[in-house]
Number of protein chains: 2
Amino acid sequence: MAVQVTRKEPLVTSATTLTARFSDWQETGFDATRCPIRNVLDRLGDRWTTLVLIALAGRPLRFNEIRRTVPDISKRMLTQTLRHLERDGMATRHVFPTKPPSVEYRLSPLGISVLDPLSSLVDWAENRFAEINRARIAFDATAGTR
Amino acid sequence: MAVQVTRKEPLVTSATTLTARFSDWQETGFDATRCPIRNVLDRLGDRWTTLVLIALAGRPLRFNEIRRTVPDISKRMLTQTLRHLERDGMATRHVFPTKPPSVEYRLSPLGISVLDPLSSLVDWAENRFAEINRARIAFDATAGTR
DNA sequence: CAGAATCCCCATTGATACTG
DNA sequence: CAGTATCAATGGGGATTCTG
């Protein structure tokens, strides 16, 4: 069972470690409460979290500043996304008792720490974007014949 | 407009480049066909793609081998996930004309290339998992008072 | 074995209205 | 300004059935 690594030469170095840890998660049945992929990456993979994280990467922003930065997010989803980030310890919320109230959101050290791996993935996405688009066009062109 | 970077000392190096590119995407209104984050990461962020990619990281696998590797994926979703990976040029599909037929899936160079940034994010998730869980418990404990 | 096709559900999201 | 509450809709995903 688990992932059998029969191949002598792994695809890339990261593949070996990924595969090894995959076996561990697999034994838990990918229990969402214990598998980091499910538990953490599912959240980063939702519609808004990544965009809000990047928006806050530059500097702390207030609620409506974030809304203007991510134009098509609704107040409802922004509130929810920020609560999730706050709950996960990725962002902190500071209320200034002005009137009307102003609330500033700021990445915590934990939130800042995710920017680096996130940036790697964004780099990859940008660098490979053209290649992916070409693959899609090629695939769709032969869609009828397959 | 866009993301105003007034801070002199960026949070981390990656934050600066992320913020800069964020402005570019923002000007397109995050058009899904042009914004790499929306277009590429939304796919990586779905329920199964990452798990299937990691499953294939070790070695090429046949359809039902992947199913056994990712226990709770349905045939429907596995087919769909594999088609997406194939369409994006991340995996290739090889049909062996045996009876019954066997079909092998294998990561392409493009698919292999994503393992590295993906691994960075998985590393982060594992290393910070305990910290995130503590934050969640602390947050939930004060949920009633806030 | 490796799918394709169909039906259906519910979780995520959006839109709207209301509030301290 | 920064939310909350409620309702409605969309589509991702599961279960099942059928097939080369």
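Since we're looking at a predicted model, the values are computed, not measured. Keep in mind that the numbers below use all heavy atoms, side chains included, and drop hydrogens, waters and symmetry copies. Reminder, nothing fancy here: chain letters follow the sequence lines and each chain counts from 1.
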Is there a side-chain contact (heavy atoms from CB on, under 4.5 Å) between B:Trp124 and A:Val40 once you walk through the steps?
CA-CA 9 Å; B:Trp124 180 89; A:Val40 177; 3.4 Å; yes

Round to a whole Å and report the spacing from CD of B:Gln80 to P of C:dG3.
14 Å

How many Å lie between CD1 on B:Ile66 and C1' on C:dC1, as a whole number?
13 Å

Take atom CZ of A:Arg47 and atom C1' of C:dA11, then tell me their distance rounded to the nearest Å.
15 Å

Does the side chain of A:Asp46 come within less than 4.5 Å of A:Gln80's, by heavy atoms?
no

Go through the steps to decide whether B:Arg67 and B:Asn64 satisfy the test side-chain contact (heavy atoms from CB on, under 4.5 Å), and finish with yes or no.
CA-CA 5 Å; B:Arg67 282 193 73 193; B:Asn64 277 334; 3.3 Å; yes

Just compare C:dA4, C:dA2, C:dG14 and give me whichever is closest to any side-chain atom of A:Ser74.
C:dG14

Please work out if A:Arg67 contacts a base, only the sugar-phosphate, or nothing of the nucleic acid, heavy-atom cut-off 4.0 Å.
nothing

Verdict with reasoning, B:Glu86 to B:Arg83, per salt bridge (Lys or Arg N to Asp or Glu O under 4.0 Å)
CA-CA 5 Å; B:Glu86 200 189 347; B:Arg83 286 298 163 279; 3.6 Å; yes

Distance check needed: C:dA15 P versus A:Ile73 CD1, whole Å only.
12 Å

Between the two end axes of the helix from C:dC1-D:dG20 to C:dG20-D:dC1, each built from 5 base pairs, what angle do you get to the nearest 10°?
50°

Please give, in whole Å, the distance from C:dA11 P to A:Arg43 CZ?
15 Å

Checking all strands, does B:Phe96 fall into the base, sugar-phosphate, or nothing category for heavy-atom contacts under 4.0 angstrom?
nothing

A:Pro101 has a side chain; which of C:dG3, C:dG20, C:dC1 sits nearest to it?
C:dG20

Using the rule that Ile, Leu, Val, Met, Phe, Trp and Tyr join whenever any side-chain heavy atoms are under 4.5 Å apart, tell me whether B:Val95 and B:Leu82 fall into a single cluster.
yes

Look at all strands and tell whether A:Arg76 reaches a base, only sugar-phosphate, or nothing, counting heavy atoms closer than 4.0 Å.
base

Closest-nucleotide ordering on DNA chain C, the 5'-leading residue of B:Thr79 and B:Arg68:
B:Arg68

Write down the distance between CG (B:Asp42) and P (C:dT12), rounded to a whole number of angstrom.
15 Å

Measuring from B:Arg21:CZ to A:Glu126:CD, what's the distance to the nearest 0.5 Å?
4.5 Å

Within this structure, what is the NZ-to-P distance between A:Lys75 and C:dT12, rounded to whole angstrom?
22 Å

Would you say the side chain of A:Met90 lies within less than 4.5 Å of the side chain of A:Arg43, judging by non-hydrogen atoms?
no

For chain A and DNA chain D, what are the first and last nucleotides along the strand, 5' to 3', with at least one atom under 4.0 angstrom from a heavy atom of the protein chain?
D:dC1 to D:dT6

Taking only residues two or more places apart in sequence or in another chain, which ones pass side chain to side chain donor-acceptor pair (under 3.5 Å) with A:Glu131?
A:Arg128

Whole-Å distance between C:dA5 C1' and B:Leu78 CG?
17 Å

One pair to check against side-chain contact (heavy atoms from CB on, under 4.5 Å): A:Trp48 and A:His84. What are the steps and the verdict?
CA-CA 11 Å; A:Trp48 302 111; A:His84 284 326; over 6 Å; no

